[in-house]
There are 2 protein chains.
Amino acid sequence: MSRGVSSVVYSIGTFTKITGLSADTLRYYEKEGLIFPERDLNNRRVYSEKDIDWIEFILRLKETAMPISQIKAYARLRYEGDSTLEKRLDLLLDHQRFIYKEKEKLEQNILHLNNKINIYKEAIEERR
Amino acid sequence: MSRGVSSVVYSIGTFTKITGLSADTLRYYEKEGLIFPERDLNNRRVYSEKDIDWIEFILRLKETAMPISQIKAYARLRYEGDSTLEKRLDLLLDHQRFIYKEKEKLEQNILHLNNKINIYKEAIEERR
DNA sequence: ATATATATTGGAGTATACTCCATGTCAAGA
DNA sequence: TCTTGACATGGAGTATACTCCAATATATAT
């Protein structure tokens with residue numbers, strides 16, 4: 001008795017609850033070429049398990065300030081299949097460099113801010 | 001013989017070169033209430049040494065994703081004088097908390113990204 | 001005196017990333 | 001059969017942060 005993979009799928013309504021994104025945003029991401037859900041017989045969007053991972057990855061890229069246009073480039077390669085693995089790796093390595101620079105900047109900013117806070121504390125203390 | 005402080009000042013053109021911001025951006029920041037340069041007899045903007053430090057601070061806040069509206073709140077207090085020191089310190093402490101959360105998120109993202117990169121590398125290696 | 005450079009203002013335009021809305025379709029329940 | 005709810009599309013509207021432009025003013029150089 002063969003038992004196919006359960007292949008759980010989600011309507012856009014369910015998918016909004018899973019991802020925390022609004023239906024409008026999901027449709028916007030689709031229009032921008034980030035995600036391509038299947039459609040059912042009534043032309044309704046059908047999201048899969050794989051789409052959850054993909055959206056979560058998109059959200060992480062967005063959290064690190066990657067513009068949609070760039071995420072789209074990655075998405076395009078992804079949907080092209082395994083032949084684009086190297087190209088995608090290159091994009092990820094580029095992003096890795098970017099993100100490490102971001103981290104350095106953030107650390108610099110933390111130092112400056114902590115310094116400023118100390119100056120403020122001293123000024124307030126002195127004034128008493 | 002008293003000798004006044006040299007009080008170096010800069011035209012908007014010079015100030016663009018110092019700060020790296022365009023004249024339009026500087027005027028925009030002024031319109032948004034971030035900075036208030038003096039004016040000379042011909043109504044031209046006159047930026048001071050202090051404005052350099054202030055712009056540099058603004059840029060650091062911007063680098064850590066603080067919206068102009070929030071920077072404006074700080075600017076307003078700043079231009080009100082020493083009576084607002086505590087309030088400004090509070091804002092800075094809020095921002096400190098925010099920025100530390102950002103750092104944590106960034107570190108999480110780095111872990112995820114490094115992981116993804118390793119998976120890609122393995123997939124490419126395996127395929128050879 | 002005139003040309004050039006640098007500045008002024010108000011307001012329009014752009015890019016990004018959504019967000020909202022009007023109108024229409026379809027399936028399932030009362 | 002009728003209503004309800006969830007979805008579809010196209011297009012308009014919003015917020016943020018600039019960026020550009022036209023018309024005007026002033027100071028300096030020739």
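Numbered from 1 within each chain, the chains take letters A, B, ... in sequence-line order.
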Problem set entry | Gap between atoms OH and C1', on Y10(A) and dA6(D) respectively (whole Å) | 19 Å
Problem set entry | Any R45(A) side-chain nitrogen or oxygen under 4.0 Å from OP1 or OP2 of dA8(D) | yes
For this session: Using a heavy-atom cut-off of under 4.0 Å over every strand shown, decide if N43(B) touches base, sugar-phosphate, or nothing.
Result: sugar-phosphate
For this session: For Y29(B), report the nucleic acid contact type (base, sugar-phosphate, nothing); a contact means any heavy atom under 4.0 Å.
Result: sugar-phosphate
Exercise. R27(A) near the nucleic acid: base, sugar-phosphate alone, or nothing, with a heavy-atom cut-off under 4.0 Å?
Worked result: base
For this session: Mind checking K62(B) for me? I need base, sugar-phosphate or nothing, with any heavy atom below 4.0 Å counting as a touch.
Result: sugar-phosphate
Problem set entry | Smallest separation among heavy atoms of R39(A) and V46(A), with atom names | C-CG2, 4.2 Å
For this session: Provide the closest heavy-atom pair for I35(A) versus E30(A) in the form atom of the first, atom of the second, distance.
Result: O-CG, 3.3 Å
For this session: By nearest nucleotide on DNA chain C, pick out whichever of K17(B) and R39(B) is the more 5' one.
Result: K17(B)
For this session: Could you pull out the closest heavy-atom pair between L34(A) and W54(A), with the gap in Å?
Result: O-NE1, 2.6 Å
Exercise. Just checking S22(B): base, sugar-phosphate only, or nothing, at a heavy-atom cut-off of under 4.0 Å?
Worked result: nothing
Exercise. How close do K72(B) and E32(B) get, heavy atom to heavy atom, and via which atoms?
Worked result: CD-O, 3.3 Å
Exercise. In terms of the angle between their ring planes, are Y47(A) and F15(A) parallel, tilted or perpendicular, with boundaries placed at 30° and 60°?
Worked result: parallel
For this session: Please find the earliest and latest nucleotides of DNA chain C, in the 5' to 3' direction, that have an atom within less than 4.0 Å of any heavy atom of chain B.
Result: dT6(C) to dT9(C)
Problem set entry | Donor-acceptor contact present, side-chain N114(A) to main-chain L111(A), <3.5 Å | no
Exercise. Roughly, in whole Å, what's the span from CG in N42(A) to C1' in dT9(D)?
Worked result: 15 Å
